[in-house]
2 protein chains.
Amino acid sequence: MLQNLDLNKKLKKGEFTKQLPDLRTQLGELQRKLRRAQIPVIILFEGWEPALMSKVINQLLVPLDPRGFDYYNIGPSSPEESKHSFLWRFWVKTPAKGRITIFDRSWYSSSAARSMDAGMDTVIVKDVKEINTFERQLADSGVMIIKLFLHVQDEDRTPTDEEVCGLVKDDLELIKRQKQYIPIIDKMITATETPLAPWTIVESADEEFAILKVLKTVASRMESALETNGTASDGGYCKLEYPTIQSTPAYPKLNSDTYHTKLEKYQQKLKKVQMELYRQRRPLVLVFEGRDAAGKGGNILRITQSLNPRTYQVVPTGAPNDVEISHHYLWRFYLGLPEKGHISIFDRSWYGRVLVERVDNITPEQDWRRAYREINEFEKAMVDDNAILIKMWLEITKEEQLQRFIERVDNPLKNWKISNDDWRAREKWDEYTAAIDEMIARTSQPYAPWYIVDSNDKQSARLQSQKIIIDVTEKELGLK
Amino acid sequence: MLQNLDLNKKLKKGEFTKQLPDLRTQLGELQRKLRRAQIPVIILFEGWEPALMSKVINQLLVPLDPRGFDYYNIGPSSPEESKHSFLWRFWVKTPAKGRITIFDRSWYSSSAARSMDAGMDTVIVKDVKEINTFERQLADSGVMIIKLFLHVQDEDRTPTDEEVCGLVKDDLELIKRQKQYIPIIDKMITATETPLAPWTIVESADEEFAILKVLKTVASRMESALETNGTASDGGYCKLEYPTIQSTPAYPKLNSDTYHTKLEKYQQKLKKVQMELYRQRRPLVLVFEGRDAAGKGGNILRITQSLNPRTYQVVPTGAPNDVEISHHYLWRFYLGLPEKGHISIFDRSWYGRVLVERVDNITPEQDWRRAYREINEFEKAMVDDNAILIKMWLEITKEEQLQRFIERVDNPLKNWKISNDDWRAREKWDEYTAAIDEMIARTSQPYAPWYIVDSNDKQSARLQSQKIIIDVTEKELGLK
């Protein structure tokens with residue numbers, strides 16, 4: 001795509017000064033409209049010359065209201081960021097509703113650098129797949145993605161003052177190695193040119209030409225975002241026959257001594273697992289799902305009791321707060337993912353999308369239906385990135401839940417654990433059953449199976465879940 | 001304080017298992033009460049042995065609801081954190097209302113390490129002063145601070161498994177160098193033992209004794225926080241006679257050519273200043289304050305126009321959002337401070353505390369009165385930390401404001417800039433005048449003077465503010 005461009009496009013004299021003021025006013029106006037329409041926008045810039053890129057980008061920032069955008073210059077990953085997957089640092093920077101995120105370099109440079117380092121083809125193929133999924137998920141949720149490539153020909157030139165003082169660093173030295181990089185970047189651009197997130201190549205030999213083309217492109221894409229507002233994609237959902245949950249054999253009731261002996265033994269093993277995860281730099285993601293009073297908190301407590309707080313965190317999932325709800329629903333879970341060698345324990349999780357949000361009609365059907373695929377992709381990326389993922393469904397009967405609710409009402413120490421929401425959810429028992437069945441069927445994948453834990457007996461449920469964690473991790477870590 | 005302790009305190013057999021369950025229940029209950037009372041709590045742990053500390057701390061985490069606390073293990077500063085002042089990384093981690101932050105090591109270790117490296121006495125004196133200010137400001141705003149030191153005697157011992165695998169790192173190697181560190185730490189503890197933030201030394205030779213003492217201390221401090229709830233300190237405010245704003249001589253009206261020539265010249269200088277700041281790693285903080293329609297946005301726009309977006313950010317200050325309002329009012333401004341070599345431009349700022357929050361009765365008098373001192377301390381710390389701070393008040397007359405309001409109403413392109421709030425604030429013109437006068441008088445300090453910019457003429461105001469910035473920074477950077 002880059003090879004056959006006429007790079008010498010120029011403006012007629014006086015055009016720039018003539019057109020600029022109106023374009024600025026228009027962009028300010030569009031930003032306000034997008035905010036009112038609550039449409040999030042990503043504008044990403046790639047190109048050869050960092051000094052030129054900064055200059056052009058600043059001309060886009062100036063007319064925008066600083067209350068409504070974030071600007072990020074993307075360099076090499078920080079030590080903190082390197083502890084996560086390739087796209088993590090971009091996910092956590094995605095815009096909230098009505099806001100604009102501007103990337104001065106992006107996942108494309110980041111991937112191109114990886115490709116150069118690691119031998120291009122395998123990396124590109126893997127990255128391009130992940131990038132397309134990433135952009136599709138964002139676009140599906142209503143994010144407008146504008147991708148601009150500022151193209152210039154390699155030329156001998158003296159570094160600018162900003163480069164000399166180091167303010168503008170060209171970490172990739174793309175321009176110096178343009179010949180080597182052109183095939184990689186050409187391939188990437190072609191492979192990531194999608195209807196939802198198309199590229200615009202900006203001929204940038206003439207700076208003023210480039211600025212006007214950027215401003216015009218952004219304005220016209222913003223206008224089309226306003227026109228198509230609200231028509232989220234259904235993400236290619238298709239019908240599927242699915243089985244129901246298999247009942248698991250009841251675990252024998254334990255006497256108290258056996259329980260405590262076993263618990264002690266398992267907890268010691270978990271302690272070892274924590275250290276081995278750290279040694280091997282493998283992240284562990286534990287997901288606890290289950291109906292109210294199924295024992296999620298109690299299970300988690302018995303796991304964390306023996307662990308070192310430095311490398312585990314419990315991530316409780318409630319109704320999203322203001323900031324969370326204005327982002328993609330997966331955004332807050334990215335924030336909770338463990339860094340390499342650490343453990344995140346989710347007390348409820350992203351599965352809320354297809355459980356409570358479905359049953360309580362919080363999310364339109366089209367959106368929660370699309371979530372099965374999004375969740376599978378989310379988990380696949382996690383596992384591909386070397387994480388160990390264990391998803392446990394704590395299963396209790398309707399009768400057992402009632403007993404536990406009554407106990408919570410009666411016992412002043414447990415009283416705080418029960419609310420009207422719990423009773424309301426109980427009334428929708430059968431709707432939940434349907435949602436749970438479909439969830440298990442659609443998101444049990446070879447790389448991310450569901451484990452059903454019979455939880456009518458609290459003590460045996462705790463042992464079961466610990467046993468599952470120990471078995472899976474020991475196998476993954478080569479301890480068995 | 002550490003020298004004369006009986007470190008061999010032990011529990012009677014069976015005491016631990018007997019007392020633990022009730023203490024846990026009590027702590028869970030206290031956490032819920034503190035959440036309801038919206039009291040923020042900091043619990044910080046210092047001590048010699050990291051493995052022991054983690055173990056004890058985990059026994060405190062287990063009974064707490066993970067939805068209500070954050071745990072941080074504090075090691076050496078990350079590269080990101082090193083770009084800010086010593087206390088910055090702790091400020092941004094302070095708890096929101098009703099939440100608990102637990103520090104596994106804290107500003108004390110961080111300072112002790114600095115002292116060791118840099119020759120102890122000067123660092124300690126400076127740090128202790130900053131720490132006491134930091135803790136007082138938090139306590140004044142209602143944060144309960146609980147400081148625990150887990151004391152053990154240096155002994156030969158084999159490293160634990162967690163240490164061997166690196167999960168627990170002892171970056172400071174305090175225990176190995178206990179003899180050297182004891183005088184430093186003793187001095188720090190003594191100098192930071194204050195009524196609002198007292199220390200508890202925990203004799204930790206016996207682990208179970210230590211755990212119980214920690215849980216009991218935390219519980220009893222939490223209870224006293226609940227008892228004294230709402231009695232924030234007035235921070236030692238005292239009356240002061242103050243002058244009013246000096247009227248500045250009107251700047252001559254410019255013709256358009258002169259304006260554009262000068263503007264172009266100043267903008268080129270600002271570009272150089274940006275590079276020189278970067279070279280010298282000096283942060284620059286620009287504060288723009290002024291009444292509605294005084295021209296803050298327009299001034300800022302002319303400054304950023306020529307800059308490189310990589311090292312400047314505009315930080316607009318509106319009404320605080322949910323997250324911001326539940327923290328100390330300075331918290332969100334810490335988040336906006338520039339890293340070394342960067343520029344933050346505040347469009348309104350922390351001065352809202354003594355302007356709109358005072359005039360509109362948003363904040364009780366005792367709290368905004370205390371803010372003068374807090375702001376002076378905040379800015380002093382900034383300047384001590386090598387930042388260049390320039391505060392500009394854009395002054396317009398009541399008549400000029402009216403003209404600009406009318407223009408905004410009449411001009412469809414400027415219409416979005418005016419709201420009922422602006423008219424309401426205008427009605428309180430005189431109350432604002434009193435607040436502004438007192439603000440200028442109380443917060444004009446030799447290290448942080450206010451610059452009054454006559455802003456009745458927009459163009460000349462822009463040139464004035466740029467001239468001030470250029471003069472101050474060139475002097476500070478040794479360019480003149």
Side-chain angles (χ1 to χ4, degrees), chain A residues 25 28-29 32 50-51 54-55 57-63 65-68 70-71 73 75 78-80 102 104 161-162 164-169 271-272 274-279 297 300-301 304-318 321-323 341 345 347 413 416, chain B residues 25 28-29 32 50-51 54-55 57-63 65-68 70-71 73 75 78-80 102 104 161-162 164-169 271-272 274-279 297 300-301 304-318 321-323 341 345 347 413 416:
Chain A
T25 312
E29 187 64 28
R32 288 189 291 279
S54 303
K55 212 160 175 182
I57 292 169
N58 202 48
Q59 291 309 312
L60 173 66
L61 301 188
V62 163
D65 181 343
R67 278 168 296 191
D70 297 291
Y71 161 86
N73 172 237
S78 73
E80 201 45 45
I102 293 150
D104 180 354
D161 289 347
E162 286 172 332
V164 172
C165 81
L167 191 153
V168 169
K169 275 183 283 287
K271 218 171 136 75
K272 291 221 172 78
Q274 183 183 27
M275 283 187 269
E276 194 58 32
L277 287 164
Y278 186 83
R279 237 180 245 125
I300 291 171
L301 203 73
T304 58
Q305 240 164 17
S306 65
L307 299 182
N308 190 302
R310 293 199 177 194
T311 68
Y312 82 81
Q313 62 172 333
V314 177
V315 186
T317 304
N321 68 25
D322 290 3
V323 178
I345 307 173
D347 184 348
L413 286 176
W416 60 277
Chain B
T25 312
E29 186 65 29
R32 288 188 292 278
S54 303
K55 210 160 175 180
I57 291 169
N58 202 47
Q59 291 309 311
L60 173 65
L61 301 188
V62 163
D65 181 342
R67 277 167 298 190
D70 297 291
Y71 161 87
N73 172 237
S78 73
E80 201 45 46
I102 293 151
D104 180 354
D161 288 346
E162 286 173 332
V164 172
C165 81
L167 190 153
V168 169
K169 274 183 283 286
K271 219 170 134 77
K272 291 222 172 76
Q274 184 183 27
M275 282 187 270
E276 194 58 30
L277 287 164
Y278 186 83
R279 237 180 245 124
I300 292 170
L301 204 72
T304 57
Q305 240 164 17
S306 66
L307 300 182
N308 189 302
R310 292 199 179 194
T311 68
Y312 82 81
Q313 62 172 334
V314 178
V315 186
T317 304
N321 67 26
D322 291 2
V323 178
I345 307 174
D347 185 348
L413 285 177
W416 60 276

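Residue numbers start from 1 in every chain, and the chains themselves are labelled A, B, ... in the order their sequence lines are given, proteins ahead of strands.
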Residue from B:D347, B:N321, B:V168 scoring the most non-hydrogen pairs under 4.5 Å with chain A is B:V168
Does some side-chain heavy atom of B:T311 sit less than 4.5 Å from a side-chain heavy atom of B:Q274?
-> yes
Using non-hydrogen atoms only, which part of B:K271 is less than 4.5 Å away from chain A: side chain, backbone, both, or neither?
-> side chain
Determine the option with the most heavy-atom pairs under 4.5 angstrom with chain B, choosing from A:G341, A:G166, A:P79.
-> A:G166
Relative to chain A, which segment of B:D161 carries a heavy atom at a distance below 4.5 Å: side chain, backbone, both, or neither?
-> both
Output yes when a side-chain donor or acceptor of B:N58 lies under 3.5 Å from a complementary backbone atom of A:Q305, and no otherwise.
-> yes
Most heavy-atom pairs under 4.5 angstrom with chain A, which of B:Q59, B:Q313, B:E276, B:E162?
-> B:E162
Picking from A:P66, A:P309, A:G297, which has the most non-hydrogen pairs under 4.5 angstrom with chain B?
-> A:P309
List the atom of B:W416, the atom of A:D65, and the distance in Å for their closest heavy-atom pair.
-> CZ3-OD2, 4.4 Å
Heavy-atom pairs under 4.5 Å with chain B, option from A:D322, A:N308, A:V323, A:L301 with the top count | A:N308
Heavy-atom distance under 4.5 Å to chain A: side chain of B:L61, backbone, both or neither?
-> side chain
When only pairs under 4.5 Å are counted, which of B:I300, B:L307, B:D70 shares the most heavy-atom pairs with chain A?
-> B:L307
Nearest-0.5 Å distance that lies between atom SG in B:C165 and atom NZ in A:K272 = 12.0 Å
Charged N to carboxylate O below 4.0 Å: is that the case for A:D104 and B:R310?
-> yes
For B:V164, is it the side chain, the backbone, both or neither that has a heavy atom under 4.5 Å from a heavy atom of chain A?
-> neither
Among A:R279, A:M275, A:R32, the residue with the most heavy-atom pairs under 4.5 Å to chain B is A:R32
Bottom line for A:R67: the part with an atom under 4.5 Å from chain B's heavy atoms is both
Go through the atoms of B:S78 and report whether side chain, backbone, both or neither lie under 4.5 Å from a heavy atom of chain A.
-> neither
